[in-house]
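This report refers to the structure that appears directly beneath it.
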Amino acid sequence: MVVQSSKVAAELFKNHDVRFADRKVPDALTALHFNESSMARNTTGAYWRVLRRISSMEFLANKQMNEMTHVRRKCTDNMLQWIEEEAAASRSAGGPGEVQLNRLIFLTMFNLLGNMMLSRDVMDAASMEGKEFFQCFNKVAELAETPNMADFLPFLKLLDPLNIKRTMVQTLRKTMKISSRFVKERIEEKKAGKVRAKKDFLDVLLEYEGDGKDGPHKFTVHNVNIAILLDLPSGRSVIWRRDGVASGRECCCVRTDW
């Protein structure tokens, strides 16, 4: 559908926005109920409104962005150091000094967004975990964008003839096994009575209690995991509008690569 006048556009987005707000969810992204916890892929409703409101108030505020200037500088400096170290390691091994730049950009952006949400770096370029996480993310994005017969012929969803959803389940489990430790560590800190000087976005999600009228009463660990770290391959053209760390990370990486 193409809107050709400002008057019709105003009518559409002011009075009929809900009807056009949702997008079709690929069958691959229903694996492990990903779409039900994702802000990018969830149906516009009570859960989405609550998560969007919290994001706007606690994470997307200009003050919060301005306070992260030193973190952006630190992450950039770390990336430059990683590039120099990997180039030197390649040359010392008799290679040409080539560097897998997209992986280092991925880790840099992930650490930047991790600092904004979790108040910490989450990956290191030299760790095997960082490499595995990068590979898992790429695989999830690849599966989400692979044409799937089940998306066009719904009766094939149970059969999964191209084995896309089954592979997505396995890959998401690997990714969440790595990423969930950050959430679990914070939960253990709270159980031990540790009080942080300043709450971050993860604290807000874990401590959220609904009013019973609109949205969930509490966010589950699964909800938090996806909302923060795995809300990935959708809405890549807009950073921080509907997605969490991964989409913001991917937008940044694509722009930097270009």
Side-chain angles (χ1 to χ4, degrees), residues 1 20-45 47-48 51-52 100-103 105-107 109-110 113-114 122-123 128-183 219-258:
M1 182 178 67
F20 296 93
D22 297 330
R23 32 169 130 168
K24 181 176 173 59
V25 179
D27 188 50
L29 290 180
T30 63
L32 300 182
H33 303 287
F34 174 91
N35 60 307
E36 295 176 11
S37 298
S38 164
M39 184 159 58
R41 290 296 184 177
N42 204 342
T43 302
T44 302
Y47 178 92
W48 184 88
L51 193 55
R52 183 68 180 90
Q100 189 181 5
L101 189 59
N102 63 338
R103 180 176 65 86
I105 293 173
F106 168 92
L107 295 175
M109 297 306 173
F110 206 87
L113 303 173
V122 292
M123 291 293 162
M128 289 303 298
E129 185 180 61
K131 294 178 181 178
E132 183 181 2
F133 200 53
F134 173 69
Q135 292 169 355
C136 286
F137 253 103
N138 283 344
K139 185 64 176 178
V140 171
E142 176 187 335
L143 291 169
E145 296 172 356
T146 299
N148 189 353
M149 294 171 58
D151 291 329
F152 303 98
L153 302 172
F155 67 88
L156 292 176
K157 289 183 178 181
L158 291 176
L159 300 176
D160 191 19
L162 300 181
N163 201 34
I164 291 176
K165 186 172 181 178
R166 283 189 289 271
T167 306
M168 177 67 92
V169 169
Q170 297 171 0
T171 307
L172 274 178
R173 280 179 177 156
K174 289 181 182 179
T175 312
M176 293 181 70
K177 183 178 180 180
I178 297 172
S179 64
S180 62
R181 67 181 177 87
F182 306 114
V183 178
F219 290 114
T220 66
V221 174
H222 184 76
N223 293 152
V224 173
N225 223 343
I226 290 177
I228 286 185
L229 295 170
L230 291 173
D231 207 351
L232 62 143
S234 37
R236 275 182 263 173
S237 61
V238 183
I239 301 178
W240 295 122
R241 292 304 178 189
R242 298 196 67 185
D243 303 336
V245 166
S247 290
R249 180 276 314 166
E250 196 166 338
C251 289
C252 295
C253 289
V254 168
R255 292 184 180 187
T256 307
D257 283 342
W258 273 104

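Every value quoted in this text rests on a predicted model; they were computed, and no experiment measured them.
Considering all non-hydrogen atoms of both residues, H33 and H222 come closest at O-NE2, 4.2 Å. Among all heavy-atom pairs drawn from N35 and V25, the shortest one is CB-CG1, 3.8 Å. Heavy atoms only, all atoms of each residue included: A144 and A28 are closest at CA-CB, 4.5 Å. Among all heavy-atom pairs drawn from M168 and A31, the shortest one is CG-CB, 3.7 Å.
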For a quick test of your reading: what N or O donor-acceptor pairs under 3.5 Å do the side chains of residues 146-157 make, sequence neighbours left out?
| residue | atom | partner | partner atom | Å |
| --- | --- | --- | --- | --- |
| T146 | OG1 | E142 | O | 2.6 |
| N148 | OD1 | A150 | N | 3.1 |
| D151 | OD1 | D27 | N | 2.7 |

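Here the straight-line distance linking atom OG1 of T171 with atom CZ of F137 works out to 12.0 Å at 0.5 Å rounding. The distance from atom CG of N225 to atom CE of M176, rounded to the nearest 0.5 Å, is 4.5 Å.
For the pair K177/K174, no side-chain contact is recorded, criterion being any heavy-atom separation below 4.5 Å from C-beta on. Between K165 and T167 the shortest side-chain heavy-atom distance does not fall below 4.5 Å. Between E36 and I226 there is no side-chain heavy-atom pair separated by less than 4.5 Å.
Side-chain contact of T220 with N223: a donor-acceptor pair under 3.5 Å is present, judged by distance alone.
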Can you list the steps and then say if S37 with Y47 is a side-chain contact (heavy atoms from CB on, under 4.5 Å)? CA-CA 8 Å; S37 298; Y47 178 92; 4.0 Å; yes
side-chain contact (heavy atoms from CB on, under 4.5 Å) between L51 and F219, intermediate numbers included: CA-CA 10 Å; L51 193 55; F219 290 114; 4.1 Å; yes
Where do R173 and Q170 land on the side-chain contact (heavy atoms from CB on, under 4.5 Å) test, with the steps shown first? CA-CA 5 Å; R173 280 179 177 156; Q170 297 171 0; 5.8 Å; no
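Taking the six-membered ring for Trp and the full ring otherwise, the centers of F134 and F110 sit at least 6.0 Å from each other.
R166 places a side-chain N or O within donor-acceptor distance of the main-chain N or O of D160, the cut-off being under 3.5 Å.
Applying the salt bridge (charged side-chain N to carboxylate O under 4.0 Å, His left out) criterion to R181, with sequence neighbours excluded, gives E129, E185.
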